Structures are given as structure tokens and as C-alpha cells.
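Just so it is clear, the values below take in all heavy atoms, side chains as well, and ignore hydrogens, waters and symmetry mates. In this text, all values refer to a predicted model and were calculated from it rather than measured experimentally. The sequence lines fix the lettering, A, B, ..., with proteins before strands; numbering per chain opens at 1.
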Protein chains: 2
Amino acid sequence: MLDKAALIVESFRPTGGPYRLAELARRTGLPKPTVHRLAADLVRLGWLERTDDARYRLGGRLFELGSLVPRRRDLREAALPFLQDLFEATRETVHLGVREGMEVVYLERIHGHDALQLPSHIGHSLPLSCTGVGKALLAFCGTELTEEVLARPLPCLTPHSLTDPARLRMALENTQVSGLAYEEQEAVLGVSCIAAPVFAGGDAVAALSVAVPRARFRPAQLAPAVRTAALGLSRMLRGGI
Amino acid sequence: MLDKAALIVESFRPTGGPYRLAELARRTGLPKPTVHRLAADLVRLGWLERTDDARYRLGGRLFELGSLVPRRRDLREAALPFLQDLFEATRETVHLGVREGMEVVYLERIHGHDALQLPSHIGHSLPLSCTGVGKALLAFCGTELTEEVLARPLPCLTPHSLTDPARLRMALENTQVSGLAYEEQEAVLGVSCIAAPVFAGGDAVAALSVAVPRARFRPAQLAPAVRTAALGLSRMLRGGI
DNA sequence: TGTGTCGTTCCGTGTCACGGAACAAACATT
DNA sequence: AATGTTTGTTCCGTGACACGGAACGACACA
């Protein structure tokens, strides 16, 4: 029963809803009466909400609980000042992401009034190989995982996404040397990105990035800012000042 | 059974853990074998995690789901640029909060390297009457709720918290006239705060605030910035530019 | 060695989750 | 207006599985 409830809640990814009852039954593969009963329980618990037109969406209680997750909250809290610095230095959309399995999960995204239309919402996950943050993490996470990713077919979000393992391997090697990862229209058309890993010990525990409309992408000017922020956060996590 | 699982998850508020098995049994009032079985299920679902010392804490999946909650995500997304403006104008800790029942829930908090030690974590809730954001919301949320709050005993976080209904009523009337709410050491000793409501239609749907160490609290300089940010966000939510 | 608390496993009991069937209401199509 | 379709909802008999007391070994402390 817990599994069924979780199935319902997870079926709201990645949009959060709202969905109708029949829609939920279809998405989860559960019988309609079962969804009806469980959804009612979840609403009572505040995990789901009913919209004015009687559809279901994820509920506020879930937000409150999710915000408390220690591993996420602590890293986000520590990183925020550096994300601020990075934003003020670049005036562009900046990201904080971590690796979760073979994907990148975004913990924070800061932008000004001219927000880019990006798929990198907070809590959203994307393939490691298609994003700057993902490549920065992948380049510094141990050989076995790198090989695992390279072995599988590479996911493809745009026509520019890297699908050739050899090219990805080369990009990762460059990143390992330079400490910077680049991405050009591989996640969204028209948007380029530069990222740097954050270390706490040997491996990368997170990565920062700046996403910029392709037209005004100037890597040489962004690189020092991203690197500085990432190094600053790394030092902070190491327990420094 | 869903209720028991929810009880376990909710028992992690407000810290997020980690807690030992026996600790969870005590906090929830459930028998130890029951907690053991349910917690194992929750770990399998990613809603809880086990620390290296075998304790339980809230899991990453919960963060991802919570970030998708539409009502929260959309407001936060819309407000972020204005929070940025407010932060850059004041260089102090800025908040975005909404009302949830008779409490305020914080959706976002932005700060620099000199972060204040505040209880206003994202997702955390505090009494309406003890915070600047709460008072701004309370002053513009309809008479019936205001009276409800004033009728009950006022919660008390510090010796400076308002416990006299008459004084709170006066403060709210001032806020209704000026469009600004003040709070001085009522939530945390040594920290003062100024807040402004955000409107979308008749009632306040959110509020912004700036929290400042009491020593350098200069309301006259903060007021225009907070008001400007709140009005800008209000216009944006009304579908403006 | 004794005493407390810990996490974990077992298993008989009884409960409550389950979902097919049937329902009315809303909408779409002709 | 008549028909068909999809919607959300309720009912209820059946059986699976959640439940938690009891007992276990491991560990810490005195």
C-alpha cells in the first residue's frame, strides 16, 4: 500500500500536476477506486491538494518536508553566498547541482528578471552527459561510474547533445585538466553553459554553473568567476573560513 | 498504514534528523517493530535515508518531490528576481513567506556570507504574530482570521514577542495604513525585521522581509527597498510586465 | 556478571486494503 | 433529443498482508 501511495506521488514528476483522477489511474496503472481512496488519504495528509476544478496536485506539506532534507539543505545553505557572488559577478542564471545516480539534481537556481526558459528547475533531474553541471560532476566522480555512463547509450535532449562516447570522454578529460566543464546547446537550444566542480575530500560533491544565451556566451569572462565560486565553496565545505 | 508512515516522516520536523530507531518509536508513539518495518519501506522508496551510523534522516527523493509543488514553485520562481533586487539593495538577509493556516511558512531565504543565525529556514513555519512576514500577512488576510489569532493565546518565542492582543492589534492597524510590518527581537534575540505584503487581488498572498542585526537596523533606509520589491512582485503576479 | 537499551527477526492473529461491479453526472458526438 | 463515452464516486465480500507482542543477540555501562 505504501508502494501504491508512493507510485501515485511519484507519478506527478516532473510537472507537479495538476492531474485528474482518471489521468492518475492511467499514469500509475492502478485501478480507479484504488487511486481514489489513496488520493483522498494523501489529501488528508497534505501530501496532495485538490485544485478548484477538483484535480490533484502535489501538496504544500511535501514542500515543507522536502526543504528539511538535511543533505540538501546543508549544502544549499553553505553554497548560497557563493551563488550570490557568482550571480552578481555575471548577472546570469547560476546553478547548484549534485549527482544522484546517473543524473544531476539541481538544488538551487538563481536568476534576475530576464530568466532563461530552462529545464533545470530545482529538484528536477537531467542526464549527466547533457549539462555543464553534470559533466563537471562526471569528470570527478571515479572511473567506474564514468565508464558506466560511457558504456550506456547517451541520452539526447537536443540535436547538439553529445551522443558519441569518444567525444564525451575527450570533454571529460579536458575538464579534468582545466577544472571547467562546457556545454553548448546540449540541454536547451540557444543556451550555453560553463561549470566547475566543488570538492570536499577527493571527489566532487557538487558543481556550480552559469547558463547564458548562446549569443552572449563569453567563456573567458565567465570562467574565472565560476572557478572562484566553486573553489570558495570547496574551501568552506572543507571547514575553512 | 499510510497514516503511520506519514507520522514517521512528519516526526522528523523540524530538524530533518537524523534519529535512531528507538528515537523514532518514541517520537511517533508507535511500537518498535512497526517503525522498523515502515522505516525500511520508506528507505526503499527514497523518502528516508540511513546515515553511516545507521540512523534515519529524510531522504533525497522527498526534496525532489517537494521542489515540484506547484503552488510553492511558481511563487518562488516569480519572486526570486525581486528577492535578488532586495538583497542587492540592502545586503541583508531577505525572506519570502506565505501563510499556511495560522503560521507563516518560508519559501525562500537569501543571504550573503555573513548569514544570521535564524529559525526562518526554508520550509520551516513560525507563528504569524512573532515575525515580520507573519504580521504583514496577518494584516491583510481578512478580519475573521485576524480575530481568530487575537482570540487565542499568542505564542512566545522570545521575551520580546508580543503577548498582549491589544498591542498586536495596534501593530496590525499600523501595518494596514503604512503597508509595512515591523518586528524587533520577537522571533530571535538581537535580530530586527521589516516586511511588506505582496498582493494578487484583494488579499496578501505572500510577504517579503529583510532581517537585520538589531545594532544596524535602519528602518528608514530599508523601508523603500522592501516596499519597492513587494510592489514589483505584486505587479508581476497581476500579470504585468 | 548483571542491567539497561539497542536493532532485528519471527509468526499467529485479525484487520483493513483491495478492486470488480454498479452507480449517477458530465460531456461529446450523431 | 438520443446515444455513447468518460468522468468521479460508492458499495462490499474476499483475502492478503499489516500488525505488534515476544524473544533474540549485540553492545555499553557499572
### Message
Is there a side-chain contact between A/R20 and the phosphate of D/dT7, meaning an N or O under 4.0 Å from OP1 or OP2?
### Response
no

### Any A/H36 side-chain nitrogen or oxygen under 4.0 Å from OP1 or OP2 of D/dT9
yes

Heavy atoms only, 4.0 Å cut-off, all strands: where does [X] land among base, sugar-phosphate and nothing?
X     : value
B/R26 : sugar-phosphate
A/R50 : sugar-phosphate
B/K4  : sugar-phosphate
B/P33 : base
B/R37 : base

### Query
Going by the angle between their ring planes, with limits at 30° and 60°, are B/F12 and B/Y19 parallel, tilted or perpendicular?
tilted

Between atom [atom1] in [X] and atom [atom2] in [N], what is the gap in whole Å?
X     : N      : atom1 : atom2 : answer
A/D3  : C/dA17 : CG    : C1'   : 13 Å
A/L38 : D/dA18 : CG    : P     : 13 Å
A/L21 : C/dA26 : CG    : P     : 16 Å
A/L24 : D/dG8  : CG    : P     : 9 Å
B/L7  : D/dG20 : CG    : C1'   : 16 Å

### Query
Is the shortest distance from a Lys or Arg side-chain nitrogen in A/R55 or A/E23 to a carboxylate oxygen in the other one below 4.0 Å?
no

### Message
With a 3.5 Å cut-off and heavy atoms only, can you find an N or O donor on one side and an acceptor on the other between the side chain of A/K32 and the base of C/dG19?
### Response
no

### Task
Select one nucleotide: of D/dG20, D/dT9, C/dT9, the one nearest the side-chain heavy atoms of B/T34.
D/dG20

### Task
Name the closest nucleotide to the A/P31 side chain, picking from D/dG20, D/dG8, C/dG20.
C/dG20

Do the side chains of [Y] and [X] get nearer than 4.5 Å, heavy atoms only?
X      : Y      : value
A/Y106 : A/L126 : yes
A/L233 : A/L237 : yes
A/L75  : A/R71  : no

### Summary
Nearest-nucleotide check on DNA chain D, A/M1 vs A/Y56; residue mapping nearer the 5' end is A/Y56

